[in-house]
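Remember, predicted model here, so these are calculated numbers, not experimental data. So you know, we letter chains A, B, ... as the sequences are listed, proteins then strands, and number each from 1.
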2 protein chains.
Amino acid sequence: MTERAERRRRTERRILEAARKLFADLGFERTTIRAVAKAAEVDPALVMQYFGSKQDLFSEAVRVAPAPVAPGDTDELVEQLLGSLCMKMGELPQGSLAMMRSMLTHPEAAASARAVLSRQIHQIGESIPGDDARMRAALMTTIMLGVTVGHQLLELDELREVPQADIARVLRPALKAIASPRTE
Amino acid sequence: MTERAERRRRTERRILEAARKLFADLGFERTTIRAVAKAAEVDPALVMQYFGSKQDLFSEAVRVAPAPVAPGDTDELVEQLLGSLCMKMGELPQGSLAMMRSMLTHPEAAASARAVLSRQIHQIGESIPGDDARMRAALMTTIMLGVTVGHQLLELDELREVPQADIARVLRPALKAIASPRTE
DNA sequence: CATTTCGCTCAACGGACGTTGACTCAACGA
DNA sequence: TCGTTGAGTCAACGTCCGTTGAGCGAAATG
């Protein structure tokens with residue numbers, strides 16, 4: 001690896017990380033190329049040169065590998081969801097935060113969010129029994145979404161001041177009630 | 001009422017409704033004063049003259065009377081939440097949609113959303129037993145938020161293609177499990 | 001060492017936006 | 001009827017932003 005290529009990759013990475021942080025904190029519209037460039041200690045023109053456009057930079061910043069849902073029984077599935085929630089509470093990747101932050105106001109972020117959520121709904125739907133599994137999977141997914149949004153993006157004190165384990169403990173029976181049909 | 005005053009109130013109302021619709025559909029940033037003016041068939045300068053600034057117009061557009069939570073036992077509380085969800089599915093007021101649409105990307109909308117949610121959490125927290133009632137109230141609230149966001153703003157097909165009554169039927173035991181402590 | 005390559009900067013363009021002040025004209029009050 | 005008020009318009013200012021093309025200087029290449 002030549003010195004030039006190495007330097008370039010470092011700079012590119014610095015820009016991308018600055019962009020991820022700003023997109024996650026401010027959303028697409030309020031994040032400016034100039035602010036990203038300043039945070040990365042670089043000229044704004046360089047950001048364009050490396051990533052093409054603001055939209056392309058955003059697409060690259062929100063690209064994130066979706067965590068696969070391992071097949072198993074209902075209880076394992078619920079534990080897996082609660083586990084991903086705990087991970088989210090701690091250090092959800094900036095790319096995911098950036099996608100969620102803009103999903104209500106930026107069309108492309110919305111499309112990306114729908115794709116991620118639909119994928120998760122499909123996977124959960126195939127792991128739980130019942131003919132309305134798809135709808136119940138959608139509810140389980142949006143429930144996790146709501147808790148994550150409230151905790152990570154709205155930063156509600158009522159959730160932040162509580163240990164993650166307590167949240168999981170309260171959420172567990174609720175998710176199981178939805179995952180297993182006809183338990184009323 | 002003179003003809004002038006009446007005409008003015010009609011115009012002001014037309015502007016406000018156009019603003020609510022655009023804020024609800026596009027969010028704060030993507031909604032322009034010019035677009036609001038065009039939708040209300042009015043000059044952009046008139047919008048400023050009547051509402052002061054874009055921010056003031058937004059504050060006026062998202063101002064909405066919070067539905068009070070009537071005191072009652074746990075079952076009644078859950079039914080009330082599910083009922084408000086069904087109402088939301090049908091015709092949630094544009095002002096509330098506008099607030100939710102921008103709550104992740106606009107600081108003032110975020111503050112407004114936190115206020116509304118905290119109020120609801122407080123009310124629910126006083127209606128359910130247990131020493132961790134506050135945290136469980138917060139989870140119930142964010143759960144409703146997630147389902148509403150998924151249905152109304154992200155417009156997930158998996159939720160839209162299902163009758164509201166079915167959603168309420170599946171959600172009911174989950175909410176009850178959270179509202180009543182130690183039922184595991 | 002001479003030449004090319006390329007990471008990076010600088011200055012600027014063009015457009016969109018919020019906002020403003022002067023102006024027009026019909027309704028109002030005396 | 002005549003002066004006043006106020007609803008509504010018009011043109012423009014200043015700013016911020018995404019984006020571009022020319023240019024500089026150091027590393028790579030022979």
Please state how far atom CD in A/Q49 lies from atom P in C/dC10, giving the value in whole angstrom units. 14 Å
Output yes when at least one side-chain N/O atom of B/T11 is less than 4.0 Å from OP1 or OP2 of D/dG8, else no. yes
Go nucleotide by nucleotide along DNA chain C from the 5' end; which of A/E41 and B/D43 gets its closest nucleotide reached first? A/E41
Hey, are B/S84 and B/Q80 close enough side-chain-wise for a donor-acceptor pair under 3.5 Å? no
Enter the distance from B/Q152:CD to B/L159:CG here, rounded to the nearest 0.5 Å. 10.0 Å
Looking at D/dG6, does its base get a donor-acceptor pair with the side chain of B/R8 below 3.5 Å? no
Base, sugar-phosphate alone, or nothing: which one does A/R7 contact when heavy atoms must sit under 4.0 Å apart? sugar-phosphate
Quickly work out the B/F58 CZ to C/dG18 P distance and round it to whole Å. 14 Å
Atom pair distance, as rounded to whole Å: CZ in B/R13 and P in D/dA7: 18 Å
Which part of the nucleic acid, if any, lies within reach of B/Y50 when heavy atoms closer than 4.0 Å are counted: base, sugar-phosphate only, or nothing? sugar-phosphate
Please report, rounded to the nearest Å, how far the P atom of C/dG18 is from the CD atom of B/Q55. 12 Å
Tell me: CZ of B/R34 to P of C/dA16, nearest whole Å? 10 Å
Just jot down the salt bridge (charged side-chain N to carboxylate O under 4.0 Å, His left out) partners of B/R30, sequence neighbours excluded, or say none. A/E29
Choosing from C/dG18, D/dT19, D/dG21, which nucleotide comes nearest the side chain of A/I33? D/dT19
Once you round it to whole Å, what is the distance between C1' of D/dA27 and CD of A/E3? 7 Å
Criterion side chain to side chain contact (heavy atoms under 4.5 Å, CB included) on A/M100 and A/L92, from CA distance to verdict: CA-CA 11 Å; A/M100 291 180 55; A/L92 193 61; 4.3 Å; yes
Taking atom P of D/dG8 as reference, at what distance in whole Å does atom CD of B/E6 sit? 12 Å
Send over the distance from B/R30 CZ to D/dG18 C1', rounded to a whole Å. 14 Å
Could you tell me if A/S59 and A/Q55 have a donor-acceptor pair between their side chains, going purely by distance under 3.5 Å? yes
Specify the residue among B/S53 and A/R4 whose closest nucleotide of DNA chain C lies further upstream toward the 5′ end. A/R4
